[in-house]
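Chain letters run A, B, ... following the sequence lines, proteins first, then strands; residues in each count from 1.
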Amino acid sequence: MVKRASPLQIYKLLDRSNCQSCGRKTCMEFVTDLLERRVKLEDCPENHLPAKKRQQIQDLIAPPQSPLEFGKGDRMVTIGGEEAFHRHDLTFFNQTAIAVEVYDEMPDLMDVVKYLDGFAVFRIGENLTLDAIAIRCTSNNPEMYAKTVKLVADAVKIPLILCSFNIEILSAAVAQIKDKKPLLYAATKENWKEIGKLAGENNLPVVCFSTNTDELVSIAQSLETMGVKNIALDPGTMIGPGYSSATLNKLMQIRYSAIRDGSALTKYPTIGVPASIWAIEKPKSDDDFFAVQYKEALAAVMMLSVDVSMVIIHSGRTKEDVWMPLALMTYRQNIFTDPRIYPRVDAGFFKVGNPNRKSPIFMTSNYRMTKIPVEQDIKDSHIDAWLLVVDTEGLGIEAGVAGGQLSSDKIAEAVKEFKVFDAVDHRVLVIPGMAARLSGAIEDDANCYVVVGPGDSSGLQKYMEKEWDLDKYMKEYNER
Amino acid sequence: MSFEKITEKLLKMLEGSEEITMKDFELIGEHLEFSVLPGIGKSVTMGTQQAIQQIATQQKLKPAEWIETKFPEIKNEYKGKIEEVTFYRKKNQSKVIIGGETVPPYLTFFGQKNPHRPVVSLDVFDYGRSFPKPIKAIYKDVYDDQVAWAKRAEKFGADMLTFHCLATDPLLLNRPIKEDAKIYEKILDAVKIPVIIGGSGNKTMDPQLYDQLGAIAANENSRTMFSSADKETWEKVIPLSLKYNQNVLLWTQLDINDQIKLNKDALGAGLPRDHTVIDPTCATLGYGLEYSYSIYQRYRISGLLGDQTLNFPTSAGTTNAWGAREAWMSNDKAPQWGDIFKRGPLWEVTTALAMSLCGLDLAMMFHPLAAQTFKGICMDFFAETKKIILPIEEWVTMKI
């Protein structure tokens with residue numbers, strides 16, 4: 001991996017006045033945040049940092065893969081700009097953008113683009129959205145394309161990608177919406193001069209496309225020499241026996257060269273187009289259609305796995321197809337989680353909502369991806385409850401039970417340590433369904449009445465409405 | 001002079017020049033015909049204000065010149081090799097080999113190709129439980145007939161099967177191991193592929209289970225695997241694996257130091273390197289998959305770089321994916337997520353593919369569609385590279 005600038009290297013170039021103009025208490029804090037990309041170099045005022053030193057710092061912090069921005073406003077998207085070869089080397093910074101494509105002659109175009117613009121899935125405290133819409137020109141009519149693109153641009157906030165290999169078509173659309181900073185797709189060996197000029201003169205980013213890697217870097221170099229500043233590379237997406245490997249290998253060659261080896265020839269963000277599978281495979285039945293959707297989805301999964309900067313997909317335009325972007329956005333949420341965040345959270349006894357002395361006590365593990373969703377589900381169900389988080393060495397319930405990290409002893413220990421039953425006027429503990437086999441042992445070890453709750457915390461609301469009966473539980477407990 | 005004439009004259013004067021500098025320039029007019037790309041497209045008409053603005057923001061571009069460039073050479077830094085582990089039935093009647101990698105998954109540009117694709121083992125549970133709908137649709141009628149279950153899974157194209165003896169856990173059904181041993185024998189009679197012996201996780205019962213079922217496997221000259229030994233059971237499990245000449249899955253839970261220690265302990269107890277498979281735990285898509293992603297990748301990369309404590313083939317239980325609510329929750333309860341028969345299997349195959357791109361040799365899977373899809377992808381990756389270029393650029397103009 002290309003060597004990362006050390007905080008000290010940068011700190012030395014600052015005036016170390018701790019002026020706090022950047023909103024940080026000290027210059028050292030500024031440096032740390034700068035390396036973590038939580039603050040911009042421009043936030044250090046000019047009178048504190050002369051141009052020459054500023055440039056030196058800029059060069060030091062520039063990632064081996066250059067970033068590319070397109071779109072305007074709140075939803076502007078930044079792709080590329082990565083410096084970690086493997087996720088565990090540091091963290092991935094700019095998550096893979098997911099774009100869905102449409103075409104200018106599409107009958108329900110305006111409804112679809114509005115749906116895509118507003119598409120959102122709320123998951124583990126984060127609103128997951130799409131990043132761009134790619135508009136293809138199938139009419140082959142520059143006027144119609146430009147008009148359509150303008151209509152879309154006026155109706156949505158999401159960034160746009162203009163797709164055509166025809167310069168007349170792209171020029172006409174650029175004239176209409178260049179202030180929205182669309183991404184141009186694509187410059188090829190045939191049209192690079194014209195597309196390059198269009199991109200350069202309008203200061204727009206552009207994708208180079210070639211299935212031949214020598215040709216691909218040649219197009220990029222030719223554009224760069226011309227003065228085009230923002231470039232991305234699409235080495236072509238081919239899927240199937242004998243093709244998938246070629247696709248992955250080309251993407252990985254670019255990645256090794258740019259991020260591991262620091263080559264300037266390949267320093268650009270990469271683009272994958274799983275949608276292109278639909279130009280090759282023409283499904284004839286519903287089953288065929290579904291099989292192609294799966295192939296497309298998994299081509300995108302492959303690309304997300306290797307930190308491709310953006311993918312353009314075909315499926316996902318309708319509510320019916322929501323399962324596909326759902327899986328991709330969930331996977332992306334996983335991969336782009338900072339690996340320096342530990343999977344364990346603190347064990348303890350917590351209030352969720354405003355529990356009282358009759359409120360239920362739910363038990364869970366101290367695995368981040370268990371505790372946080374459980375807490376969220378309790379909140380979403382508007383239940384006031386106590387939450388006992390047991391130290392399972394950061395494992396989920398099922399894994400903890402299987403491996404012995406979640407046992408009746410451990411639970412009894414936690415009950416004692418956090419004085420759980422001092423907070424309530426009962427001795428009832430609700431355990432997760434997946435820990436059901438521990439229930440007898442817990443009753444003995446922790447001297448309490450154990451209720452086996454739902455197998456998944458999404459069922460808590462229903463459980464509380466239909467099953468929870470504190471008086472009955474306590475009666476049984478007292479009769480024992 | 002007409003406007004057209006002026007334009008014509010101007011263009012003639014400008015022939016051959018790449019750029020024009022204008023000094024003390026004033027432009028007054030309602031409309032300006034401005035040719036952005038002379039000689040290529042038709043000119044674009046726009047308002048004067050806009051045109052002037054464009055001239056102001058235009059960058060100076062250098063003349064277009066083709067720069068022939070060679071893609072940079074990429075050096076191979078991987079000097080290590082992952083161990084090879086073999087599974088077979090009755091002295092090579094059927095055989096599965098995993099491991100042996102010398103480069104990261106599916107890469108060929110270093111001039112080397114990994115020898116074996118990842119293989120799929122389908123689950124057979126020793127008793128039917130409440131499984132998610134898409135699983136139920138496949139196996140419900142054989143929940144109580146493990147032999148029929150195994151035959152069906154073999155037909156789905158599994159490379160191996162895993163017989164999970166959960167019922168032997170005293171806290172579940174407390175079924176005598178003898179009964180599971182009988183079923184295991186019948187399964188072996190009914191299928192041709194290796195059948196991995198899966199424990200219940202109970203630390204006392206599992207070694208006894210491996211003893212009885214391992215004897216059956218050894219008796220017919222088969223080598224399968226004990227799944228699994230962990231930090232509490234390895235001392236009992238390793239001698240049994242030596243006694244019956246079986247492979248062992250060394251299982252830890254998302255902890256690299258635990259895995260290194262367990263590997264060293266097991267090897268120290270005599271487990272041959274080519275009988276060793278490791279399982280660092282496969283978390284589920286959406287619920288911590290990233291931890292597994294990084295751990296599988298770290299193991300594989302360090303193995304390929306020459307670390308002798310981690311260069312073993314890996315296994316992942318992608319069945320865990322069915323624990324994610326996006327995978328199991330029914331259409332009635334979660335209409336916002338789309339059809340469960342699509343999202344469920346996709347959840348599992350995504351988990352498997354993710355792990356395989358980090359470094360996976362054996363996927364223990366549940367849903368046949370997920371298994372077949374994953375196996376298909378692996379075979380696609382391993383197929384001889386085709387030279388014909390597909391007309392993929394046509395996606396830009398396809399009318400769908």
Side-chain angles (χ1 to χ4, degrees), chain A residues 86-88 136 138 163 167-168 171 175 193-194 200-201 211 213-214 217-218 221-222 225-227 236 238 240-246 248-249 252-253 256-257 263 265 275-276 278-280 294 297-298 301 305 322-323 326-327 330-331 334-335 337 339 343 369 395 399 402-403 437 456 458, chain B residues 36-37 40-41 44 46 58-59 61-62 64-72 74 106-109 171-172 201 232 253 281 285-291 294 297-298 323 325 337-339 342-343 346 350 353-354 357 373 377 380-381 383-386 389-390 392 394-400:
Chain A
H86 299 117
R87 176 178 176 273
H88 62 254
R136 303 180 284 111
T138 57
C163 302
I167 183 64
E168 279 182 49
S171 303
K193 273 187 198 171
E194 295 80 26
E201 286 176 344
T211 54
T213 48
D214 287 337
V217 289
S218 299
Q221 282 315 296
S222 305
T225 309
M226 215 175 150
M238 290 184 234
Y243 291 115
S244 303
S245 156
L248 175 68
N249 272 273
M252 288 305 287
Q253 275 171 287
Y256 270 92
S257 166
S263 166
L265 298 178
S276 67
W278 296 92
I280 307 301
Y294 253 45
L298 292 157
V301 168
S305 295
V322 64
W323 52 274
L326 174 73
T330 303
Y331 185 40
N334 284 162
I335 298 299
T337 298
M369 297 313 296
L395 292 177
R437 51 175 139 165
D456 185 284
S458 59
Chain B
V36 185
L37 300 152
I40 304 157
V44 180
M46 61 181 101
Q58 253 182 41
Q59 298 175 14
L61 288 180
K62 294 209 178 98
E65 182 195 347
W66 180 253
I67 313 286
E68 187 69 37
T69 312
K70 266 259 169 273
F71 196 90
I74 298 163
Y106 313 122
L107 297 191
T108 52
F109 60 82
L171 296 175
L172 288 171
E232 285 180 58
Q253 294 180 293
T281 297
L285 171 59
Y287 299 89
L289 180 68
E290 65 270 29
Y291 302 121
S294 285
Q297 190 166 56
R298 283 175 73 181
R325 60 182 66 159
W337 288 337
D339 187 8
K342 292 174 179 167
R343 67 177 139 89
L346 184 63
T350 297
L353 180 59
L357 285 154
T373 306
I377 294 173
D380 284 357
F381 273 125
E384 203 55 46
T385 304
K386 288 190 185 141
I389 303 292
L390 299 172
I392 47 169
E394 285 171 14
W395 78 274
V396 172
T397 48
M398 65 187 179
K399 294 196 181 187
I400 56 162

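For R325(B), the side chain to side chain contact (heavy atoms under 4.5 Å, CB included) test picks out D377(A), D456(A), S457(A), S458(A), Y287(B), W328(B), M329(B), W337(B), with sequence neighbours left out. Residues satisfying the side chain to side chain contact (heavy atoms under 4.5 Å, CB included) criterion with E68(B), sequence neighbours excluded, are S218(A), W66(B).
The parts of L289(B) that come within reach of chain A are both its backbone and its side chain, each placing non-hydrogen atoms under 4.5 angstrom from that chain. Contacts between L107(B) and chain A at a heavy-atom distance below 4.5 Å involve backbone atoms as well as side-chain atoms. With a 4.5 Å cut-off on non-hydrogen atoms, T213(A) touches chain B through its backbone and its side chain both. Both the backbone and the side chain of L298(A) come within contact range of chain B, judged by heavy atoms closer than 4.5 Å. For A402(A), the parts lying near chain B are the backbone and the side chain together; criterion is any non-hydrogen pair under 4.5 Å. Both the backbone and the side chain of L326(A) have a heavy atom closer than 4.5 Å to some heavy atom of chain B. The part of T373(B) that comes within reach of chain A is its side chain, from C-beta onward, which places non-hydrogen atoms under 4.5 angstrom from that chain.
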The test is side chain to side chain contact (heavy atoms under 4.5 Å, CB included); show your working for S244(A) and Y106(B) and say whether it passes. CA-CA 9 Å; S244(A) 303; Y106(B) 313 122; over 6 Å; no
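Between the side chain of S222(A) and the backbone N or O of I67(B) there is at least one donor-acceptor pair closer than 3.5 Å. A side-chain donor-acceptor contact under 3.5 Å links R343(B) to the backbone of G338(B). The main-chain N or O of K342(B) is found under 3.5 Å from a side-chain atom of Y294(A) such that the two form a donor-acceptor pair.
Interface remark: of the candidates E394(B), K70(B), Q253(B), R298(B), Q253(B) forms the most heavy-atom pairs closer than 4.5 Å to chain A. The candidate from C163(A), A246(A), G403(A) with the greatest count of non-hydrogen atom pairs under 4.5 Å with chain B is G403(A). If you tally non-hydrogen atom pairs under 4.5 Å between each of N249(A), T330(A), L395(A) and chain B, the highest count goes to N249(A). Of the listed residues (M252(A), M226(A), M238(A)), the greatest number of heavy-atom pairs within a distance under 4.5 Å of chain B belongs to M226(A). Taking chain A as the reference chain and counting heavy-atom pairs below 4.5 Å, the highest number among T281(B), I400(B), D339(B), I377(B) is found for I400(B). Contact tally against chain A (heavy-atom pairs below 4.5 Å) for G288(B), G286(B), A383(B), S294(B): the top residue is G286(B). Of all the listed residues (G236(A), G240(A), A275(A), P339(A)), the one sharing the greatest number of non-hydrogen pairs under 4.5 Å with chain B is G240(A).
The 12-atom threshold is not exceeded at NZ of K62(B), counting heavy atoms of other residues, nucleotides or ligands nearer than 6.0 Å.
With a 4.5 Å cut-off on side-chain heavy atoms, S305(A) and Y331(A) count as touching.
Taking CD1 from I74(B) and CD from Q253(A), the interatomic distance works out to 5.0 Å, rounded to the nearest 0.5 Å.
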